[in-house]
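What follows is a single structure, written as structure tokens, with notes after it.
Note that the coordinates shown come from a computational prediction; the quantities given were computed from them, not determined experimentally. Chain identifiers are assigned alphabetically (A, B, ...) following the order of the sequence lines, protein sequences preceding nucleic acid strands; residue numbering begins at 1 within each chain.
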Amino acid sequence: MDNFEPRIVAFCCNWCSYAGADLAGTSRIQYSPNIRVIRVMCSGRVNPLFVLKALSIGADGVLILGCHPGDCHYLEGNYKTLRRIPLLKKMLKQLGIEEERVRLEWISASEGAKFAEVANNFTQTIKNLGPSSLGPFK
Amino acid sequence: MEEKDLSHPRIGVFICHCGINIGAYVNVPDLVEYAKQLPNVVHAERNLFTCSEEGISAIKRGTKEYNLNRVLVASCTPRTHEPLFRAACEEVGLNKYLFEFVNIRDQCSWVHMREPQKATEKAKDLIRMGVAKARLLQPLEEIEMEVDPSALVIGGGIVGMEAALNLANQGFNIHLVEKEPELGGTLRSINKLFPINQEAVKLIKPLVEQIKSHPKIKTHLSSRVSQVTGFIGNFNINLDGKGKAEQFTVGTIIVAVGAEPLKPTGQYGYGKMNNVLTQLELEERMKKGKSLGQNVIMINCVGARVPERTYCSRICCMTAIKNAFLIKESNPKAKVWILHRDLMTYGVDFETYYRKAMELGVRFIRYSLERPPEIIGDEKVENIKVYHELWRKEIELPCDMLVLTTPLIPAEDNQNISKMLKVSLDEFGFLLEAHLKLRPVEFAMDGIYICGSARWPTDVTEGVSQAYAAAAKAAGPLRMGYVKAEAINAVVNEDECSGCGICELLCSFQAIELQPRDNKRVSHINEAVCKGCGTCGAACPSGAISMHHFTDEQIIAQVEALFS
């Protein structure tokens, strides 16, 4: 358990959170190397099935990162996400999966430091939870 | 050009060292060897700078030599360099949507500098995921949309006026919106401008006249933009004027709302003692020719470079030096001290100006944040006590007038503008451009541009240069007459569609409509209106809606590749 390195997918929207992740880079903010970003145009694009898919084949945690409420490039895509993810979490709980393995956060293009903080904090949360019981490789 | 056979993916992988930016932290040769053995990769190579002429030639050469039908570059970030690499693909006959970007710098080498091994492992994962997506990429065609040949300029200060005039003189119709009842902005309160001591009014008066008489410019005073909908080419603008609302359409938008000087209420007796002013209030007094007293003390960095506001507003040192200069010039017997922390007098002319101020007898005393000056007096400030850093002792100076040099702070409207135009703010609340170096006067949102102190405190010279730059950028689409919309939009598989209508309700752009087809109703997407967010696709219970360039299959392939 001590050397458990969580495997984490982060779905980032193109306009805010992906840009925030880039800013963490240009600011040279160091964070834990467990996150793998998949770029989508909007957090509203994230079909809950993508999250379930990731969890079912080995992800220890999934982040969904979008623009702050009111800032969505597509007006209201993030509001749809805001409604979907809690439902998904409820379902996870019923399936016996810790709901903390999925987290939704808002990160703007100027929040490089927040991106790094979320990455570190989420990695630590997943480390504390241990490997996902779902993963076929565990 | 001959049609490429796309059925059997032949992927080329180009991995960038970015000098030492990637190469020093990630083992690039190792990545190349790794990429070579991934399925469908027929060629992999590394470049010192893939974005250089040499790198671009390598992409073109590789595409021809290995008959590539998908190209992947692993380097900085698609936000800055995707257009360049896409263009290279197009030059050798490859549709630009057959290009895939993998970010191994901004999101890998730069954030794991102390863990080269883990960074390399992460880069391998990211490349594997990218290849998995590249395998499924399909060519797409972009649709052209007409552009309304007019622009909106928000802000009627010198920067907004210059931008408006520049565009109007190129023949475009301009709407210039100013919230105050008069044009001129902050310069209306300013006395003279450094470094040539020109009267500000002499600069703005002719501009205001030109604007008022220009047949192509419509000025809306005492007005605010209340709502903006639409996208580049066709923005619908709603104005809130004096009791009347107005509506019009423009092709592009320039934001020049400026900034506001901080009011340092409660600091050094400001607001309580009657001889304490800000630099701007001093200028208004000087313009009216009011007396200032014999002993004038200025304190710089009041409310700037302090824990609650860490930035340097850059133009205020010169403002203080200018006002001190002018006081000494008109009254050589007056004593003027500038208490400062550091001095920002960048540029040849400014440094010379600073030296001249010293020659005129302006005295500069350095203080530190830990030991700020203290005021002495009851009704008014009588004396200032300051610890002289060079003399290493406390001194007391007589004071008839205390002038506080405060920074420019973000305009109050910035929050509104940010939400209305979907443009970002930086950590201090100034409006944030798309990229500091590569896209300095543009927002990430297409068709909207920024200039002047709305972005960061600028002096007149810099602000006007930026106005010209923003006008040049804003004129591009207006001159072309059309823009190409990204071909990233939703598509419906009508056979799968059950006609439930969930997508229609979800779409924020009214791009989806149910239409009759062979005895049933199916979802129909208007490509010209669809913006490609994918919110509908994520909700379709039948899985009938897919997103071009971000299909379910492509995203799931990335996920699967990561855990394979």
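Only the side chain of B:Phe509 comes within contact range of chain A, with heavy atoms under 4.5 Å apart. When heavy atoms are compared at a cutoff of 4.5 Å, B:Ser508 approaches chain A by way of both its backbone and its side chain. Heavy atoms of A:Leu75 lying under 4.5 Å from chain B belong to its backbone as well as its side chain. Interface residue A:Phe11: only side-chain heavy atoms are found under 4.5 Å from chain B. Heavy atoms of B:Ala539 lying under 4.5 Å from chain A belong to its backbone as well as its side chain. Interface remark: B:Asp552 contributes backbone and side-chain atoms alike to the contact with chain A (heavy atom separation under 4.5 Å). Neither the backbone nor the side chain of A:Ala113 comes within contact range of chain B, judged by heavy atoms closer than 4.5 Å. In this structure, the portions of B:Arg114 lying under 4.5 Å from any heavy atom of chain A include both its backbone and its side chain. Heavy atoms of B:Glu115 lying under 4.5 Å from chain A belong exclusively to its side chain. For B:Leu506, the parts lying under 4.5 angstrom from a heavy atom of chain A are both the backbone and the side chain. Interface residue A:Val46: only backbone heavy atoms are found under 4.5 Å from chain B. If you measure heavy-atom distances from B:Met129 to chain A, the contacts under 4.5 Å come from the side chain alone. Only the side chain of A:Arg84 comes within less than 4.5 Å of a heavy atom in chain B; its backbone stays farther off. The parts of B:Leu562 that come within reach of chain A are both its backbone and its side chain, each placing non-hydrogen atoms under 4.5 angstrom from that chain. Heavy atoms closer than 4.5 Å to chain B are found in the backbone of A:Ser32, but not in its side chain.
A salt bridge between B:Arg309 and B:Glu427 is absent, with no side-chain N of the basic residue lying under 4.0 Å from a carboxylate O of the acidic one. A salt bridge between A:Lys114 and A:Glu117 is absent, with no side-chain N of the basic residue lying under 4.0 Å from a carboxylate O of the acidic one. Here B:Lys96 pairs with B:Glu142 in a salt bridge; the nearest charged N to carboxylate O distance falls below 4.0 Å. A salt bridge does not link B:Glu121 to B:Lys118: none of the charged nitrogens lies less than 4.0 Å from a carboxylate oxygen. Classification of B:Lys419 and A:Asp71 as a salt-bridged pair holds, one side-chain N sitting under 4.0 Å from a carboxylate O. The pair B:Asp125-B:Lys122 does not meet the salt-bridge criterion, since no charged nitrogen lies less than 4.0 angstrom from a carboxylate oxygen.
Note: B:Pro78 leads B:Cys536, B:Ala119, B:Pro78 in heavy-atom pairs under 4.5 Å with chain A. Ranked by heavy-atom pairs shorter than 4.5 Å toward chain B, the options A:Gly77, A:Ser108, A:Cys72 are led by A:Cys72. Per-residue heavy-atom pair counts under 4.5 Å with chain A were compared for B:Thr77, B:Leu436, B:Ile488, and the maximum is reached by B:Thr77. When the candidates B:Cys540, B:Cys76, B:Gly532 are compared by the number of heavy-atom contacts under 4.5 Å with chain A, B:Gly532 comes out ahead. For the options A:Thr26, A:Leu23, A:Val9, heavy-atom pairs under 4.5 Å to chain B are most numerous at A:Thr26. Comparing B:Ala444, B:Ser109, B:Ser424 by heavy-atom pairs within less than 4.5 Å of chain A, the highest count is held by B:Ala444. Counting heavy-atom pairs closer than 4.5 Å to chain A, the top-ranked of the candidates B:Lys531, B:Met113, B:Glu560 is B:Met113. Among A:Ala119, A:Cys16, A:Ala19, A:Ser27, the residue making the largest number of heavy-atom pairs under 4.5 Å with chain B is A:Ala19.
A 4.5 Å side-chain heavy-atom check between B:Leu421 and B:Ile253 finds at least one atom pair inside the cut-off. In this structure, the side chains of A:Glu105 and A:Phe115 stay at 4.5 Å or more apart for every pair of heavy atoms.
Of the possible polar contacts, one joining the A:Arg36 side chain to the A:Pro33 backbone as a donor-acceptor pair under 3.5 Å is found.
Relative to the six-membered ring of B:Phe550, B:Lys133 meets both conditions, a distance below 6.0 Å and an angle of at most 45° to the axis.
Judged purely by distance below 3.5 Å, without hydrogens or angles, the side chains of A:Arg83 and A:Asn78 never pair a donor atom with an acceptor atom.
The aromatic ring centres of B:His112 and A:Tyr31 sit less than 6.0 Å apart. You'll find the ring centres of B:Tyr25 and B:Trp110 outside the 6.0 Å limit.
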